[in-house]
Every structure is written in C-alpha cells, then in structure tokens.
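What follows is a short report on a single structure.
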Amino acid sequence: MTIRIEQSCPQCGAGLDFVENDHILTCTYCGIKSLLQCGGPFRYLLPMAGKASTDGHLLAPYLRFKGTIFLVTADTIEHRVVDTTQVANPSPGLPPSLGLRPQAMPLIRVTPEGGNLFLPQTLKSGAIVEKAAAVSNLAPAGDIFYHRAYIGEHLSYIYLPLVIKKQGIYDGVNSQRLIGLDETGGDSLDGKPFDQAWRIRFEATLCPQCGAGLSGTGDCQVMTCANCASAWEIGPAGMSGVDWQLQPAGEGADLFLPFWQISAQIPALRIASFADFVVRTNQPFLPRPQWGDRAMSVWVPAIRLRPKAFLQVGRQATLRQWRLSPVPAKVRPDLFPVTLPSSEARQAVKLILAASAASPRRIFPLLPQVRLAEMTIRLVYLPFIDRGHDWVQPETDLAVDKHILGFSRSL
C-alpha cells in the first residue's frame with residue numbers, strides 16, 4: 001500500500017505531492033531540495049469529508065506499520081510482509097483500523113496550526129507491532145523461534161478527525177456515527193495540544209564537508225557529494241559521514257547496487273575470520289589458507305527487496321566476498337539509491353548468518369547469544385551487468401531479477 005502526502009514547499013509555498021517513503025523533498029517549481037527531519041515518526045491527517053476544514057477537531061491516533069517480519073524457527077526462516085494501521089487509543093467506538101482509506105486519498109501533514117487536539121497514544125508502538133507480528137501467523141502457537149527481526153519498516157502516525165455532536169461522535173472522513181456520547185462509559189475525550197517534538201524541520205541538503213549540494217532521490221538513505229566524493233547517511237539527528245567503496249567495474253557494467261559490509265567477530269559462533277565462518281556454517285567447500293587472515297564480513301543488501309530475494313542476495317554476497325576487492329569510491333550516475341539504513345542492516349546480520357548456514361541446527365539455536373565484537377560498517381557498491389531479465393554481478397555470479405529490483409522502490 002502506497003500512501004501519498006500533500007506538502008507545501010518551504011521555500012516558495014508551491015503545492016507538492018510525494019509518497020510516504022520520501023524524506024527528501026525536491027520542489028518542481030523553485031528547484032530547492034530539502035531534507036525533512038522530525039523528532040520521531042512522521043504524523044499525517046486524513047482529510048475531512050467534502051471540503052470541510054480540518055481545523056479545530058479532536059484527532060484519534062493510528063499507528064501505521066509497513067515492513068517485513070522475519071522469524072528464524074527450529075529449521076527454517078519464515079517471513080511475511082505486513083502493512084497495517086492499528087488504533088493507538090482504546091477509546092470506545094474508534095474503528096480498529098483505517099482500512100484502505102490512507103491509500104485512497106492524499107494525506108495532510110500534521111502541523112501546530114489549526115487548533116486541533118490529539119487523543120493521547122496510550123497503546124505503545126512496540127505492542128502494536130507485536131500484535132501485527134502475531135496476526136501474521138508466522139509460526140504456529142507453541143513453536144520455538146530463535147530470532148525475530150523487522151526489516152524495511154516504516155512507522156508513522158495517521159490521525160482520524162472526529163466530529164462531536166449532541167447525537168454522538170462521528171467519523172470526520174465519511175460522516176458515519178461511531179458511538180453515542182452516553183455510550184463512552186465515562187471515558188475522557190480530552191485531547192492534548194500539538195507536541196512541538198512532532199514539528200517538521202526543513203534542512204538544506206549541503207555537504208557538511210565542503211558545502212556543495214548533495215545528490216539523492218526522495219527515498220534514499222545516503223546522499224553523495226560529487227565535489228569531494230563523500231557520502232552521508234540520513235539519521236534522526238541529521239547527517240553522518242559514511243565510509244564507502246566501490247568494486248572496480250570491467251566493460252559493460254550498467255548499474256551499481258549498494259551493500260552494507262558489516263565486519264565483526266562473532267564470539268558465540270567462534271567466528272573471528274572468514275575461514276572460521278566457512279567451517280562453522282558447514283559450507284560444502286574448504287577454506288583457503290589466506291582466508292584465516294581475512295576479516296569476517298556479513299554483506300547485507302542496502303536496498304529494500306522482497307524477503308526471499310533479500311536473503312538470497314545477502315547470502316550469496318556473504319559467501320563469495322573473497323572474490324571482491326573494493327577501492328575508494330567516486331560518485332557515478334549509475335549508482336542505485338541506498339534505501340535500507342545501516343541500523344536495519346545491523347538487525348539483518350543474524351538473518352544473513354542463518355540464511356548462509358548449510359546446517360541450520362548448528363547455527364540457529366545459537367542466534368540468541370550472537371553479539372558482534374569489534375564491528376565496523378562500510379557501504380560498498382558492486383557493479384552489475386545487464387543480462388536480459390537479470391542484473392548479474394560478474395565476480396560473485398549474483399543475479400537480481402529486474403522486476404524485483406524495480407518493485408523494491410515501492411516496498
């Protein structure tokens with residue numbers, strides 16, 4: 001489900017339309033590019049029925065969760081794509097979900113103007129996500145699982161406007177009566193004013209190192225500077241520098257896909273080198289002598305992919321990392337945007353380890369004890385060649401279906 005947002009340009013005031021994944025706003029009128037920053041999840045408002053004003057109403061909160069839930073069970077890795085909006089306040093009469101309405105109409109960003117009051121969020125976001133995981137029925141009740149992770153997740157709040165009349169409380173979007181005032185059981189409908197921590201900040205997308213303009217698509221997590229060849233990851237507190245490299249490309253390279261190379265020792269699995277990894281995961285080939293001096297790295301796709309493809313791509317890049325020798329990177333026009341942040345890549349390390357294990361029973365039970373020691377993280381771009389239906393990485397023979405890659409931007 002794709003959600004569209006209406007937003008005014010902070011520079012010229014022009015009306016713009018973008019999707020929920022975007023946090024870099026480029027105005028098609030004045031050309032100014034702005035980075036959207038907030039102290040927490042973004043917050044949106046469903047428009048009122050007809051052309052009624054959205055000002056001066058009581059707003060009910062719904063948590064919007066979209067992402068993939070992975071579950072490592074006794075002998076397999078289960079996964080489900082979850083897309084849901086769940087009510088975050090237990091007041092009687094509120095619909096448990098917003099259904100398809102968020103994708104059927106453009107949303108409005110919540111601002112302090114308008115004098116709206118907000119019902120407090122009394123249900124924790126973690127509990128709502130846990131409920132979404134339970135509803136997905138990844139594993140039958142009572143089954144043992146060793147690890148659970150949420151990858152490619154989007155969290156935001158969508159508010160439903162409520163209209164209070166003598167006859168009761170009405171849904172402000174479709175004007176349907178939700179509950180009578182005498183049926184609320186005495187529950188308070190007192191709302192709170194706008195919290196200033198929710199306010200959106202518009203920041204310039206200038207390189208912190210040299211001051212030149214940064215390049216990046218609306219949904220990217222890393223922006224690059226062609227002037228000083230630096231890369232900057234977008235985070236809640238602003239931008240931070242990224243160590244990045246690029247695998248040298250031969251003739252015919254048409255596309256570079258990004259990977260997070262997470263290097264670390266894994267004491268729980270007795271893995272300190274790539275040779276240790278080959279032995280502990282019981283690979284069907286013998287480690288070469290020089291692999292004992294090669295640091296162990298887990299290669300996580302830095303793009304959002306369908307769950308099965310995500311695990312396959314990460315597994316193959318990790319198993320064949322010994323064929324790669326990246327060098328310092330420079331900005332190129334054929335770099336695919338980084339859409340998976342490094343924080344989620346770290347959460348995916350156990351999943352890639354599990355997917356790489358030739359003998360699951362030797363690795364899966366130890367996953368709860370896995371901790372990374374002496375960890376470093378680097379962004380590496382690998383060249384891919386057009387092979388008809390697939391993009392193929394020549395050093396590792398890794399293949400990515402073109403349709404899956406195209407679909408990844410809407411996940």
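- Remark: the backbone N or O of F256 is not paired with any side-chain donor or acceptor of D334 at under 3.5 angstrom.
- Counting heavy atoms from C-beta outward, P161 and Y159 have side chains that stay 4.5 Å or more apart.
- A 4.5 Å side-chain heavy-atom check between L379 and D243 finds every atom pair outside the cut-off.
- The side-chain hydrogen bond (donor to acceptor under 3.5 Å, both in side chains) check on D195 picks up nothing, with sequence neighbours excluded.
- H23 NE2 to L35 CG: the interatomic distance, rounded to the nearest 0.5 Å, is 7.0 Å.
- In this structure, W299 has its ring center no closer than 6.0 Å to that of W260.
- At a threshold of 4.0 Å, the pair D276-R294 does not count as salt-bridged, since none of the basic side-chain nitrogens sits closer than that to a carboxylate oxygen.
- Rounded to the nearest 0.5 angstrom, C38 SG and R43 CZ are separated by 7.0 Å.
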Next item on the list: Any chance you could lay out the salt bridge (Lys or Arg N to Asp or Glu O under 4.0 Å) test for D219 and R304, step after step, and finish with the verdict?
Entry: CA-CA 11 Å; D219 60 346; R304 302 180 191 275; over 6 Å; no
Note to self: Test side chain to side chain donor-acceptor pair (under 3.5 Å) on N21 and H154; report intermediate values, then the result.
What the structure shows: CA-CA 8 Å; N21 299 358; H154 294 291; 3.1 Å; yes
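- Side-chain contact between R320 and E395 is absent, with no heavy atoms from C-beta onward closer than 4.5 Å.
- Counting heavy atoms from C-beta on, the side chains of T318 and M296 come closer than 4.5 Å.
- Salt-bridge annotation for R64 and E20: present, with a side-chain N of the basic residue lying under 4.0 Å from a carboxylate O of the acidic one.
- A donor-acceptor pair under 3.5 Å is formed between the side chain of Q283 and the backbone N or O of S356.
- The local environment of OH in Y29 is sparse, with at most 12 non-hydrogen atoms from other residues, nucleotides or ligands closer than 6.0 Å.
- Salt-bridge annotation for D386 and K402: present, with a side-chain N of the basic residue lying under 4.0 Å from a carboxylate O of the acidic one.
- In summary, of the residues considered (V72, I77, T73), a side-chain contact (heavy atoms from CB on, under 4.5 Å) with D75 occurs for T73 alone.
- Open room surrounds NZ on K330; 12 or fewer heavy atoms of other groups in view lie less than 6.0 Å from it.
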Check: side chain to side chain contact (heavy atoms under 4.5 Å, CB included) between F70 and E78: does it pass, once the steps are laid out?
Finding: CA-CA 6 Å; F70 290 88; E78 301 283 350; over 6 Å; no
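- Ring-plane geometry between W244 and Y381 is classed as perpendicular, the angle between the planes exceeding 60 degrees on a 0 to 90 degree scale with a lower cut at 30.
- Looking at L162 and L59, their side chains never come closer than 4.5 Å, going by heavy atoms from C-beta outward.
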Next item on the list: Any chance you could lay out the side chain to side chain donor-acceptor pair (under 3.5 Å) test for S297 and Q261, step after step, and finish with the verdict?
Entry: CA-CA 6 Å; S297 297; Q261 180 191 7; 3.3 Å; yes
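- Under the ring pair (Phe, Tyr, Trp, His ring centres under 6.0 Å) criterion, F277 pairs with F274, sequence neighbours left out.
- Side-chain atoms of K33 and L25, non-hydrogen and from C-beta on, never get closer than 4.5 Å to each other.
- Looking at residues two or more places apart in sequence or on another chain, you find a ring pair (Phe, Tyr, Trp, His ring centres under 6.0 Å) between W198 and F118, F194.
- In R4, the CZ atom is crowded: over 12 heavy atoms of neighbouring residues, nucleotides or ligands sit closer than 6.0 Å.
- By the 4.5 Å heavy-atom criterion applied to side chains, I303 and P258 are counted as neighbours.
- Side-chain contact check for I262 versus R346: some heavy-atom pair is nearer than 4.5 Å.
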